[in-house]
J.: 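Please find one structure pasted underneath; my questions will follow.
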Amino acid sequence: MSTEQLSLTFAALADPTRRAILAHLAKGEASVSELAKPFKMSLPAISKHNI
């Protein structure tokens with residue numbers, strides 16, 4: 001992994017919403033609707049957060 005890729009990865013993980021989404025997905029598959037439920041965000045906004 002290059003330094004640039006590593007920087008992008010850490011920058012993505014610095015976002016608390018992305019970390020919460022990843023924590024949810026670590027428990028198993030989930031629909032975008034399920035992922036959006038705890039956040040006040042639109043479904044397209046949640047989709048953009050998926051890594």
Side-chain angles (χ1 to χ4, degrees):
M1 183 176 279
S2 72
T3 302
E4 183 177 343
Q5 289 172 319
L6 192 57
S7 293
L8 290 172
T9 300
F10 281 117
L13 293 175
D15 184 281
T17 302
R18 286 193 180 115
R19 285 196 314 268
I21 290 170
L22 286 173
H24 188 105
L25 291 172
K27 297 175 186 173
E29 293 184 14
S31 68
V32 175
S33 297
E34 291 171 323
L35 294 172
K37 200 172 194 176
F39 306 103
K40 294 183 182 200
M41 300 176 92
S42 67
L43 297 182
I46 288 292
S47 293
K48 288 182 180 181
H49 273 282
N50 286 334
I51 301 171

J.: If we check side chain to side chain contact (heavy atoms under 4.5 Å, CB included) with Ile21, which of these qualifies: Asp15, Leu35, Val32?
T.: Leu35
J.: To the nearest 0.5 angstrom, please state how far the CG atom of Leu25 sits from the CZ atom of Arg18.
T.: 13.0 Å
J.: Mind listing the closest non-hydrogen atom pair of Met41 and Ala45 along with its distance?
T.: CE-CB, 4.0 Å
J.: Who are the side-chain contact (heavy atoms from CB on, under 4.5 Å) partners of Ser31, not counting sequence neighbours?
T.: Ser33, Glu34
J.: Hydrophobic cluster mates of Leu8, side-chain heavy atoms under 4.5 angstrom, ILVMFWY only, any path?
T.: none
J.: Does Arg19 use its side chain to pair, donor to acceptor, with the backbone of Leu13 at less than 3.5 Å?
T.: yes
J.: For Glu29, what residues pass the side-chain contact (heavy atoms from CB on, under 4.5 Å) criterion, not counting sequence neighbours?
T.: none
